[in-house]
Structures are given as C-alpha cells and as structure tokens.
Asker: 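Pasting in a structure now, in structure tokens, and then I'll have a few things to ask.
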Amino acid sequence: MIVSELILPVLLVTFVLVLGAYLVAVLDEAIAGALGMPRATSVWTAPLTQGAWLLTQQANATEAPDWRAWRLAPALYLALAAIGLAVVPFSPTLIPTDLVTSVVLWGSVEALATVVIFLHGWSANTLLALIGAYRYVALGLSYILISMFVLIGVALPAESLQFSQVVASQEGLWNVIRQPLGLPLFLIVGLGMTFWGPLNLADSRDLAGGTASAVSGPPRLVWNLARAAMLVAFSGAAASAFLGGWLGPWLPGPVWMLLKMLAVLAVLLLIGRLVPRVQPERCVTLMWVVFLPLSFVDLIWAGVEALL
Amino acid sequence: MAVSWLSRLAAQATVPVFPVRGMHGEPVLHRLALAAGIELVDSPRHASILLVAGGVPPDQHDALRRVHDQLPTPFATLWYRSEPLDELAGATRVDDPDALPEALKTIHRELMSGKRGSSPRLLPDEPPNPWEGLGDDGHGGEGMMGGVPYGRPMAMNMTDDIRDGLTLDSLTVTLGPFLPMLPPGLTAEVTLQGDLIQSWTTHSAPYPIALESAFFQALQGPVPIAELERARARYHLKRLHFGLRLAGLERLALEALRLAFEPHPGQNRVMALRRRLVRSGFFRLTTTGRGRLDENQARRVGGIAARAAGLEEDWRSGDEGYRHLNFRPLTQREGDTAARWHQTLAEIEQALQLAGQAERDAVHTRRSDGVETPRGPWGEYRPEDASGVLEELLPGLEWDEAMSTLASLDLAPLSPWSLEETSEAPVPTSVEERRA
Amino acid sequence: MDYPLIVDVFFVLLAILAVVSGWRVFCTDSMVRASFFLLVSFIAVGVIMILLAAEYLGVAMFFMMAVEMMVMAIFMVMFMMNPAGLNPMMMVHQHKFSIAAGAAVFVVLAAVALLAEFPDTPLPGDLDPVKSLGNELLGDSMLIFESAGIVLLTTMIGVVVLSSHRGRYGAAEEGSMPPGLVPGGDPAGMPEENDEGGGHHHCH
Amino acid sequence: MELLTLFFIVLIAAGLGLLIQWLPMRHQPMPTYPQRAPFLGGGLPETHAWNRYHVRYYPMTLLLIAFEMEMMFMYPWAVVFVEQGMKAVMEMGMFLAILSVGIVYGWREGVFKWQ
C-alpha cells in the first residue's frame, strides 16, 4: 500500500517533471532550429550543456537582496509545478494525489505562482527585476479569472471538482470539441503562468532578463528548470481537462496522457516563438475586456451543453 | 572527477556573450547574431564572455569597468577592434570579424577547462557608501528613512506623478551607455515612478553610425541608384532586426537580418516578411499608439520619423534620376511607434523596387549637393544627434512603451567616415562581401 | 472518529507553523515579507481545514489568500515608507492596549473552546461537503448568495469610483465633466448649481 | 494519504530546488561590491531600488478581489449544476450578468489601463 500510494506517485511526479523539463528545452531548441535560428550543438545535448555551464558559473548576488526569499523563490516555483503535476491523473488508477477538489487546487497553484514570481523579482532589489516583478503581478492577477471560468466550465459536465472525474466525463466526446473556446483560453493561461513567449512580461528582453536579470549560476538553473517544469505541469492539466487525459484507443492510458501532454507543449512552444511579446498595458486590457468575456461565453456554452 | 566531467560538458555549451556595443561595433554583432553556437545575451550576469565590440571613448571607461565587474566568474573578455583597458593589457584582441566566432568559442572552452583564468576584478571591493551604523538599532540614520543602509541611501524623493498625481517615491538612475535596449553610447539620467518614466535627461549622445560608402560617393558625384537604394534597404533591415528582437520576435528579426546580408534581396521577400509581421500581431500587440512625434520633433529627427509623421520631406524628390523612376516619398500620418515601423517596411520595399527599376535602366543620381541618407537628409549638414527629443517624448511612457519607442527611432548622429573606412584593420574578404 | 496518529502530528506541526508565521508578521521589517508570512500562516490554517475534512474551504483558502496577500503586498509597497525594511522599525503600535486586547481575546476564545458544548453528531460517511455546499447555494441560501453578488457589484463600483483616476470624462482631479448634449452646451446630467437636494442632506 | 503524498512531493521538489542552488554555492566567496551593483548598462542608481513603487494597475487589483469572492461561490455550484438543471442556469445567468456590469463599468472608467 505504501508503495502504490506513496512511493510510486512521488517517483512518477519527479520523473515526469525532470524528464518533461528536459523535453521542453529540447523541443524548444528543435522548434527554434526548424524556424531558422542558428543552432550549432545538437538539440539533445544543448539543455545539458547549458545546465552544466550554469552549475559551474558563480551565483550572483545583489547589494542588499532579501536573501531567503531570493533563494526560496525558484525552489518554491518548482514545488508549485510539482503540486500542479501531482493532481493530474495518468490513468483511472494511476493518480499521484486524487484530491476531491483538485481543480480548485490547480487554481490555487496559479495564484501562488504569482506570489512566487513576484518574490523572485522583488528580492533582488534591482530596478529591472523589480519592474519585471510588478509587471508579472498585473498579468498574474488578470489571467486567474479566465482560468477559473474555463476550469469551472470543464467541471460542469463532470459534476465534480476532481481531475479524474473531469477526464472520465469526456468518455463520449472530448472537451476540446465540446467546449471549443476552452482550450485556447486555457493555453493563454498556460503562457501566463510560465510567462512564456507573448506573455513573457516578467523576464523580457526589454528588461535585460527582468526578474532573472540579476541571477546567475545555480539559482538561474533552478529558475529555468522550474519554468519548464511548470509548462509540463500545465500541459498535464490541459491534457486532462480538454484532451480527454488517458482516454484513447489501442495504447495504454498513461502513454496517451504523455502524448497529449507533448502535443500541448509543442503548441505552447510554437506560439512562444511566433507571437511577439504583448505590451503590458495592452495585455491587461486584452485579458479583461476580450478574453474574460470570452470565458463567460465558454462557461455559458459549457452549461448549456451539459444540460442538453 | 565529477567536476571535470561537468566542466567538459559546460565547455560544449552555446557560448553566452554579453556584447558591449562600442563605436562601429554593430556590423560584427549582426554577424554574430547569425553565427551558430553563440548567444548574445542581454544581461552580463548571463554571460561567460564580455565582448567589447568597437572602441569605447575614454570618458566611458568607468562605465565599461563597472559592466566588466558585473560578470560572474569565471569569465573572460574579448576585444574586437578596440584597445583593451590598461588593467587588462593581456586580454585577447581580435580584429578579424570572420575569426571572431571561433575565438569566442575557444575562449569559452579554455575558460571551462581551466586553461584560462577568469578576468580580474577591476574595481575595489567596497560598498558605494560606507555602511553607517547610526540610530537606535544600528541602522542608517534617524527614523525609518535616513542614512545609507547597506551602503546606499533609500529612495525618498517624493514627487507628484505625472499621470494620476499620486505622490510617491521616484527613483533616479543613470542608464547606459551599454544597456542593450538603448542605442549604443546613449547615457541618460532617468527618473522613474513605478515603471513610468517621469523625466529623461540625455547625458551623452549615441555613438555615430557609419553608412555605406555609396552615400558618401553620392555627395561627390553621380552614383548608381540601385547601389544606393540597396544600401538603404540593408540599413533599415538591420534596424528592423533590433526592433523585432526587442519585441520577442527573434525568428523574424533573424529573417530581416538575413535579408540585409543578401547581395540582392528580392522585394517579394520583404513583402512576405511584412505579411508575416502583420499576421504575428506585431503592430497590434506591441504598440499602443504612444511615442508620437509632433511636427517639430519629427523634423528634428528627420528621415523615417519625419515621413512617418506626415512630413513629405525627401531629398530624393528633387533628384532628376529619381524623378525618372517616378519616385514619390511615402508617408504615414500618425507619427507614432507603429507608424514608424510601417514606414520602415514601406521604405525598404520602395528602396528595393527602385533598385530593381534603376538597375534595369542603369539610372544614376544627378544631384550631388546632398543625399537622402537612411538617417535623414544630408545636404549642408550631416544629420546630427537627435536624442534631445527623448526628453520631451519619453516622460509619461511606461518602460516597455519607452523602449519600443526608442527602438523605432533612429537618433544617432552620422559618422563622417563610411562603414568601409571605419574598419581600418585588414579584412580578408572582398569588398563586395564586406559591404553586406 | 477514527483517524491515524499522523493527522495529529501534522495538526500540531501546522498549528505551530501558523502561530509562528503569524507572530513573524509583527517582527519583520519588510512589508512584503510581512504579507507573505501572513500568507504562510493562512496556508497552514488551510491545510488544517483540509485535515478537518473541509477540503473545498481549505483549498479555497489557499486560492483566496494568495491573491489577497499579493494585492495587500502591492498596496503596502505603494503606501508605506521603507517597504523593504532596509532600516529596522517597529511594526507594532500602542503596545499596552494591544497586549491587553490580545490577552482578552485569547481568554475569550480559549473559554469558548473549552467550555462550549460542541455537537457530537458524526457525519454520514457518504457526505460530499462540496456537493452539499453547492445545494445550499442553490437552495435555501440562494437569496443570500444573490444579494452577496449585488453587494460585491456595489463594492466593485465603489472601488472603481474611489481609485480610478482616469474617469470617463477626463482626469478625476480636474473635476470630470460630462460633455454637453449640444456641442459647446452645458454638461449633461449635472445638478443645478443651487439645487441642494443632492443625496445626504435628506435625512428623512 | 493523498495529503501525505502531496506533502512528500512538495518536499522533494522544493528540496531539490534548494539543493541544486546550495551544493555548488557552499564554498563560493561573496561576490565583490561592484559585481553586486545593479546592472544598468554601466550606469548607477542613486538609491536602493526598493521604494514606494507606483503600481499603476491598482484599481484592477481591487476589482479582482471583489470578483474573486464571487467566483469562489461558483466552484460548489458547478458540482450540482447538472443535478439542479434550469434553476442553476438561471442563477448562473444572473451571476454573470452582475459580474459583466462590473467589468463593463470598470472598462468604461479606464480601470484596465495604467493609471
């Protein structure tokens, strides 16, 4: 019992998180290469060599940082990614933690991520990192409502706040078809949570790296790792909320789940490379005035659909 | 054992280079941007090599020392067509742009394997102000705000905000000359309230930029319009590269740069680039209609900025040769950041179209009392530094808006030497290739 | 009720965490740290609530408190001097009064905990607290729930009125005036100058 | 049991994050003061960066709090939605209408712009 309920889930989450983060880096390199960016080393070793270099680099400090928060923030972000992945079911029986309210827990991971990312930029006590941190809060507080609406939308037909029930409710038809607005909106949330691509307001180029502009060496490695891990966790949530999780013919459930996660990751990384960074002020307006009403529509659609 | 294994792996990493953009250092950085295995990073904390590309005037050596000392160990420096600082006399200097990527990779490998020591620290290890243990709790000074806690005073200059009038602290910093988002060489004292720029005082102008020799020849006598216009398109494509990279569109930025390196870029490829740019949402997502120049400011900046603000000013209209090609200056109305990028794209297309036409008919310029450079008209005077407009333009803008506005403006003065002359060191490649 | 010992162990640990981080709120110099210590305290309480089988409320606590503390930190940084605690300072005021108040509240709460008779009705095993909460919201408490919605809407409007600087008709401190109904005419919808009937003067 | 598993997962992830940072950093000396200075492209700040920072989207954050309160009611509501049928639809309609009024009003007053 200990093995199946404690050791196996812990191993599973750690393994998927680490492997997934590595795959995110590989996939991103591959997409960059395919889009014509110059790449010398092979995509398979590039993340490893980059990681090795960061491990040998000295960790930077700033004049008067908030030490504890500064070092804790990357680790906590990684922990949040782990929680996010832990609630994702891989098969009807293989669920790391099957909480009754796992959908709400996923929402609180999003809220707590905002806190952690803010802390990462705030603690450095440097101008560019600070601007990145405050900018991220504007984004984080904007996408959270969209995420709530979209996730409530998938909870309606499942009559439950449990991811495993959400997946089970998609037996007949996947939510991606049943609620066509849901997945696109949720992908925006994913880009926001990991401040990736168009929503990279925190660590952007116009801030010389933003919240990460003052960190180097191992803390930066953990930060990058955590970002990639969060993408993996998000892809897990998206795959189970919209793509029918473990459901699928021929192959065993967990394999389907991993394939779907990879598909979500590929889409996210592609968007990250193709769309420019949104201007912060415009981003907030877009979130509240365009995407939030759209998520209303999604919820109403889901509600009507669930009753029919 | 484990450590040597780690450093062997690290030696194979993509080489992270923080470029200090000195005078006339841009061309080589454009080459590096296209080189494989090298990454130009934005923060010195993310780099293992400090590349000083081009000369740095002596009065900015202190700033250079500060940036140098901000790289975490182990790191090395490489000087491209630039005299190393006195303290770093033994540092590697490379003058050949073709040898640069390899040199960077070698240095990184040597650094990781321990063959090369880290560059020494140049500045004394002292806090900016001595830590003063005064007051009740051994902190900085009287009360909550005084003194210099941790060697720096606290921000406590209360000013009224220019947007909503809340009275909150403002933060005054000196930016540049090597901040990657600013034009190289530009230093400014900036007061920020939150992320909004309250005031901007330019301290030193951007470094002069060198044009290709075609523009200089046009001042001596007739030159083929095809050559002139291709040089113009190349110039703007390189500017576009910078703007797109800043906006997070690295792929299209490289596409623009590749076009700039082609000897005969096709007009249709520029049109395709523009279509992809519009489709990616560049104009809708990254600009908010701010950074608008009024007529006076637009005239002061000249060139693209002027025409984007609706001024139909172009030396080419007065040239017989251009008139023969039915040249008419293009303009935009808004004069803001988006309009300047629209104008840039339109002018690149126009330049390539003119070049194609002129090549067919072998048209030359007729006028030699002046030339329309990509930076603005060069008649009696060379286009000068226009960074003064920033003091009126940037206050009230949010940081991201300010940076994208800056990228869309071309403010640097023109160098009295051509691009070919500024590279005084012997160059192995042919002149034709160098021009690209 | 039957539960393993480890629940007790975790309860004690979390209770200690909640109290200690709550106490740290008042001894740290940094406003941001203070906000997030409070968040840690709330999270510990939230986990305790989950241990008490109130799963939804516990998780909702994380959610709400993360957002709320984030906003609180932002406002702290906006309006407090020395938000990062670069110079040490006292976070507490009115020591004597607050000690007395704290002691009094503690005594009252402790008395409630010790003296009150808690109902000892075991819950049915198949109870789904989230479901019953939902049924409650759609059943008896519907009116309360809907009026809460209206109250929160009023809150939203109040918030916007108080904090938004950029009004519909221009900046707030310039005395925003609606445009006239005819070009150049008097502002529309404004009360007459000599009309004293506006709002709070009418007491009855 | 689920909580215990979750606890271990958090512990391992956070521990891993701290370990990766701590192990290589054990023997590193403190960086020099010039290295620790904020990066501003060679320029220097006059003061610490921590200050009374003007967060320009403050009305939005307040709106969010009010909004979120209401949203928390909706999770339990989602669970019983299908069971309750039309009644739930009506309630949701009313709810969303109320919320929309708040958003439209905020938008008209320019709340989602930097103040």
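The chains referred to below are lettered A, B, ... by the order of the sequence lines, with proteins before strands, and numbering in each begins at 1.
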Asker: Can you find a pair of side-chain heavy atoms, one from C:Y56 and one from A:V100, that are under 4.5 Å apart?
Answerer: no
Asker: Name the region of A:L105, side chain, backbone, both or neither, that has any atom closer than 4.5 Å to a heavy atom of chain C.
Answerer: both
Asker: Drop me the distance from C:K131's NZ to A:S160's OG, to the nearest 0.5 angstrom.
Answerer: 8.0 Å
Asker: State, to 0.1 Å, how close A:V115 and C:M70 come at their nearest heavy-atom pair, and which atoms those are.
Answerer: CA-SD, 3.8 Å
Asker: Kindly indicate whether the side chain of A:M148, heavy atoms from C-beta on, has any atom under 4.5 Å from the side chain of C:F63.
Answerer: yes
Asker: With a 4.5 angstrom heavy-atom cut-off, which part of A:L119 approaches chain C: side chain, backbone, both or neither?
Answerer: side chain
Asker: Heavy-atom pairs under 4.5 Å with chain C - which of A:S108, A:A113, A:A64, A:A69 has more of them than the others?
Answerer: A:S108
Asker: Looking at C:F75, I'd like to know if its CZ atom is crowded, meaning that more than 12 non-hydrogen atoms belonging to other residues, nucleotides or ligands lie closer than 6.0 Å.
Answerer: yes
Asker: Looking at A:V103, A:L161, A:V104, which hits side-chain contact (heavy atoms from CB on, under 4.5 Å) with C:V59?
Answerer: A:V104
Asker: Determine whether more than 12 heavy atoms belonging to other residues, nucleotides or ligands lie under 6.0 Å from atom CH2 of A:W67.
Answerer: yes
Asker: Between C:I50 and chain A, which part of the residue has a heavy atom less than 4.5 Å away: side chain, backbone, both or neither?
Answerer: neither
Asker: Side chains of C:V32 and A:F118: closer than 4.5 Å at any heavy-atom pair?
Answerer: yes
Asker: Given A:V109 and C:F62, is the side chain to side chain contact (heavy atoms under 4.5 Å, CB included) satisfied, shown in steps?
Answerer: CA-CA 8 Å; A:V109 166; C:F62 303 159; over 6 Å; no
Asker: Could you have a look at A:N125, A:L112, A:D66, A:T114 and say which one has the most heavy-atom pairs with chain C under 4.5 angstrom?
Answerer: A:D66
Asker: Non-hydrogen atoms of chain C under 4.5 Å away: do they reach the side chain of A:V137, the backbone, both or neither?
Answerer: side chain
